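Have a look at the structure below, then the notes.
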Amino acid sequence: MKLISKKTNRDIIHRNISIMVGIVVNTILAFLTYHFGLPIYLDTVGTITVSAVAGMFPGILTAVLSNLLCSIFNDNALYYSIISVLVAVATAWFVDHHLTKKKSGLLIYILVVAFISGALGMCFQWLLAGGPQFDDVHDAAKLISSGNGVMFFVATLIVNFGLNIVDKGISSALAIAAIKIIPPARRHAIKNSGWKQTPPTKYELGKANKDGGKSSVQGRVSLMLAVLAICLTLVVTGISIKLYYSNTKKEYEKNAINAAKFVSAIVDGNRIDDYIKEGKEAEGYLETEQLMYHIRDNAPGVKYLYVVKINQKDCTYVFDLDTEDEPAMQPGEKTPFEEAFEQYIPTLFAGKEIDPIESDDISGWVLTAYYPIKNSSGETVCYAGADVSMELLSGYAKDFFIKTLLIFSGFFVLILGYGFTVSGYYIVYPIKCMTECAKEFIKGDGEQAALDKSVKRIKSLNISTDDEVQELYESICKMEADMTEHVRDIRHYADATAKMQNGLIITMADMVENRDSDTGAHIQKTAAYVRIILEGLKAKGYYADKLTEKYMSDCEMSAPLHDVGKINIPDAVLNKPGKLTEEEYAIMKTHTTAGKKIMENAISTVSGENYLKEARNMAAYHHERWDGKGYPEGLYGEVIPLAARVMAVADVFDALTSPRVYKPAFPLDKALSIIQEGAGTQFDPKCVEVFMENLTEVKIILKKYNNQDY
């Protein structure tokens, strides 16, 4: 573990170095292209390299920090950070899916990132500057579109897309050259340096992602991070705009008040009537007007600056400065009061000051500051007015919102990527890998080899998050290891118990067989025939729901006990050399009911042992017939337990091919003929079918125990 930790720390250092080098490369190339005014950027060479070598999040981090550093010499660089981030994401995706190894895939990659950069870049330029950033792009688009409007915008997109193909082509070539310098093993180590466990293979990673289900930790964490990042972006942006708008409005309001005060200071209140009557011809009028222009030019936010005389129903202009939007009102020209000023008219007639007024009327949406102009007698003869355009202020706020949103968009993806990466490495993938190992452990279904393999697999994860997840991992490892050892001990005891049980079964069967003078190796042969018939049925797909490995094993284990009831048959009847009388035959038939009773007593003592249940079925019903004419209960067809139907074929065949005190052994052909004739009457036809299809194995048993070649 210490060796792994040292190796991981070294890989993390190399990853961080690659990020710093990528930032430096991006900044230097961006500075050179900006300094020489080139219509390309080359500010993503480091981003592409880091994304390809170290992965998506290091690439995103490189992109955002590069644009942040480039904003030192290029004010607009930070607004385009989201484009660099998207290039990092696209690069990591293409590399992870091995799409850049072929020339066609590399070309598609260049076209994709060029389109992202070109389309978004031009959209941002229109939002920020109202048109292309570079004169060359503007001139080329103008030449293509021969005008303005929509076609001009489309033309700028096409030109910018073409330039970005060149830009991203050069950047990709430089990135590929840089990547080839790094040894493949070092690239692989850097790429996997973020894992807090043994890096999963692509197959394991894909399986973990696929088996995540409709609701997964990764999905919830991703949604939570996205919602938090969006909320954070909106809140910060909203607060920033509100503060900007409020502060700017206060500043412009103050500027308007000061501008009105300055105008009141330079306008001669004793000559107002002369200015109205003579206009620009009046002495000192033009000089005062020029001073007013100077005041407006030095009062940020003030759009309109004028002097008006208040009348009963309207106001008369004394001075009014030209603007870009409309010509100035001439001296003596009258205009009615706007609705927003009506309530202040008495105050204005009284020659008093009023607070700034916000209105949306003839002059548009403006904030107006009035300040009285007095004559030498101290009487208010007119007012100096300064208007701040609220529409212009709103436009500034809109531009501020767009710029803030663009800046935060890059940091939004950075925050989202960081949270996604950390949650993935520390929570999501460790839990998914542990879950997969736990599923494998459960699927092992008690098989020792599968359990040992599962324990080895989960220990190979080497999860080292240094938190609760690691504690959970270590607990699961210990639990699985302990359970595996317990299963091993239980299996050892079970094997010993099974051997003891088999020994008891064979002993009981031998006790019965030893009383029967002519059933040599009967229990061994019938058990072998039972196995042959069961395997044949399974191979043919017959009784598939019944023939499990456990059932077949139980039947084979139970076979030696099928005649256990003969322990109750008197020797005189059991070993009579001649044909039995009806009374003797009736006594012989009781071995089935006696066997059933013996096995049921055993079952009641050892509850739940399936092999004893099949032993009971064999002992009780192996003389039942398919047509219902057997004994002891006259069962028929599939009502007869399958184990008994199988034993019926095995028992009769062995009786036919073995010598008895009352008969010699039948030839094999004769015995097989009798078995076939009994199919569908005495025997289950499917059991006879598979028995006849496996005569090669049957003959091996006959040769082994009868010492005859067939």
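Nothing here was measured: the structure is a model prediction, and the numbers come from that model.
We find that Asp554 and Lys613 are not joined by a salt bridge, their nearest charged nitrogen and carboxylate oxygen being 4.0 Å or further apart. Classification of Asp467 and Lys196 as a salt-bridged pair fails, no side-chain N sitting under 4.0 Å from a carboxylate O. With respect to Lys596 and Glu633, a salt bridge is recorded, a charged nitrogen being found less than 4.0 Å from a carboxylate O. Using a cutoff of 4.0 Å between basic side-chain nitrogens and carboxylate oxygens, Glu689 and Lys540 are scored as salt-bridged. Salt bridge present: Glu535 and Arg531 bring a charged side-chain N and a carboxylate O closer than 4.0 Å. With salt bridges taken as basic N to acidic carboxylate O contacts below 4.0 Å, one links Lys478 and Asp482. The residues Lys453 and Glu440 are annotated as not salt-bridged, no charged nitrogen and carboxylate oxygen being separated by less than 4.0 angstrom.
The number of heavy-atom neighbours closer than 6.0 Å to OH of Tyr542, taken from other residues, nucleotides and ligands shown, is above 12. Summarising the local packing, CD of Glu447 is surrounded by 12 or fewer heavy atoms from other residues, nucleotides or ligands at distances under 6.0 Å. More than 12 heavy atoms of other residues, nucleotides or ligands shown are found within 6.0 angstrom of CE on Met692.
Residues that satisfy the side-chain hydrogen bond (donor to acceptor under 3.5 Å, both in side chains) test with Glu600, not counting sequence neighbours, are absent from this structure. In this structure Asp627 satisfies the side-chain hydrogen bond (donor to acceptor under 3.5 Å, both in side chains) test together with Arg625, sequence neighbours excluded. By the side-chain hydrogen bond (donor to acceptor under 3.5 Å, both in side chains) test, Glu485 pairs with Arg488, sequence neighbours left out. Shown here are the ring-ring contact (aromatic ring centres under 6.0 Å, His included) partners of Tyr109, two or more places apart in sequence or in another chain: Phe94. Not counting sequence neighbours, Tyr636 has no partner by the ring-ring contact (aromatic ring centres under 6.0 Å, His included) test.
Remark: Leu672 CG to Thr657 OG1 distance equals 9.0 Å, nearest 0.5 Å. Within the model, atoms OH of Tyr425 and CZ of Phe420 stand 10.0 Å from one another, a figure rounded to the nearest 0.5 Å. The CE atom of Met618 sits 11.0 Å away from atom CE of Met599, with the distance rounded to the nearest 0.5 Å. For the atom pair Met434 CE and Ile431 CD1, the distance stands at 5.5 Å (nearest 0.5 Å). Put simply, CD on Glu697 and NZ on Lys699 are 12.5 Å apart, with the number rounded to the nearest 0.5 Å.
The closest side-chain heavy-atom distance from Phe441 to Leu451 is below 4.5 Å. Inter-residue side-chain proximity for Pro430 and Ile463 is flagged as met; some heavy-atom pair is nearer than 4.5 Å. Using a 4.5 Å cut-off on side-chain heavy atoms (C-beta onward), Cys477 and Ile458 make contact. Contact annotation: the side chain of Leu106 never approaches that of Lys103 to less than 4.5 Å [non-hydrogen atoms, C-beta and beyond]. Counting heavy atoms from C-beta outward, Val646 and Met552 have side chains that stay 4.5 Å or more apart. Between Ile533 and Val688 there is no side-chain heavy-atom pair separated by less than 4.5 Å. At least one side-chain heavy atom of Met224 sits under 4.5 Å from a side-chain heavy atom of Leu228. No side-chain heavy atom of Asn568 sits under 4.5 Å from any side-chain heavy atom of Thr590.
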Q: Could you give me the CA-CA distance, side-chain angles and deciding distance for Asp452 and Arg457, then say whether salt bridge (charged side-chain N to carboxylate O under 4.0 Å, His left out) is met?
A: CA-CA 9 Å; Asp452 290 337; Arg457 171 74 183 93; over 6 Å; no
Q: Evaluate the criterion side-chain contact (heavy atoms from CB on, under 4.5 Å) for residue pair Val649 and Val530; output intermediate values, then yes/no.
A: CA-CA 8 Å; Val649 176; Val530 165; over 6 Å; no
Q: Kindly indicate, with the supporting measurements, whether the criterion side-chain contact (heavy atoms from CB on, under 4.5 Å) is fulfilled by Val564 and His591.
A: CA-CA 8 Å; Val564 70; His591 82 279; over 6 Å; no
**Q.** Pair Leu642-Tyr543, side-chain contact (heavy atoms from CB on, under 4.5 Å): steps then yes or no
**A.** CA-CA 9 Å; Leu642 178 59; Tyr543 309 121; 3.8 Å; yes
Q: Evaluate side-chain contact (heavy atoms from CB on, under 4.5 Å) for Ile603 paired with Leu612, printing each intermediate quantity in order.
A: CA-CA 6 Å; Ile603 290 172; Leu612 291 180; 3.6 Å; yes
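The backbone N or O of Ala655 lies less than 3.5 Å from no partner atom in the side chain of Ser658, so there is not a single donor-acceptor pair. Checked by atom type and distance alone, the side chain of Asp654 never pairs as donor or acceptor with a backbone atom of Ala650 at under 3.5 Å. For Asp651 (side chain) and Met647 (main-chain N/O), no donor-acceptor pair under 3.5 Å exists by modelled atom type. The main-chain N or O of Val455 is never found under 3.5 Å from a side-chain atom of Thr484 such that the two would form a donor-acceptor pair. Looking at Glu480, its side chain never comes within 3.5 Å of a backbone N or O of Ile476 through a donor-acceptor pair. Side-chain atoms of His97 come within 3.5 Å of backbone N or O of Trp93 as a donor-acceptor pair. Panel note: side chain Lys432, backbone Thr435; no donor-acceptor pair is recorded below 3.5 Å. Judged by distance alone, the side chain of Arg15 and the main-chain N or O of Pro58 form no donor-acceptor pair under 3.5 Å. Side chain of Ser193 to backbone of Ile190: a donor-acceptor contact under 3.5 angstrom is found. Within the 3.5 Å criterion, the main-chain N or O of Asn462 finds a donor-acceptor partner in the side chain of Tyr473.
Residues Ser51 and Gly59 approach most closely at OG-CA, 3.2 Å, considering heavy atoms. Heavy-atom minimum distance, Cys555 versus Ala643: SG-CB, 3.8 Å. Of all non-hydrogen atoms in Thr91 and Ala52, the two that sit nearest each other are CG2-N, 4.1 Å. Between Thr593 and Pro632, the closest heavy-atom pair is CG2-CB, 3.8 Å. Pairing each heavy atom of Ile587 with each of Ile569, the nearest pair is O-CD1, 3.2 Å. Closest non-hydrogen pair, Glu584 versus Lys579, comes out as OE1-O, 4.3 Å.
For the side-chain contact (heavy atoms from CB on, under 4.5 Å) with Phe57, the lone residue among Val89, Val50, Thr421 that qualifies is Thr421. Between Phe653 and the options Phe683, Phe666, Tyr529, a ring-ring contact (aromatic ring centres under 6.0 Å, His included) holds for only Tyr529.
With Tyr631 as the aromatic partner, Lys589 meets the cation-pi criteria of under 6.0 angstrom to the ring centre and within 45 degrees of the ring axis. Cation-pi check for Arg616 over Tyr621 is not met; the charged atom does not lie both under 6.0 angstrom from the ring centroid and within 45 degrees of its normal.
Screening residues 546-568 for ring pair (Phe, Tyr, Trp, His ring centres under 6.0 Å), with sequence neighbours left out, gives His522-His562, His562-His622.
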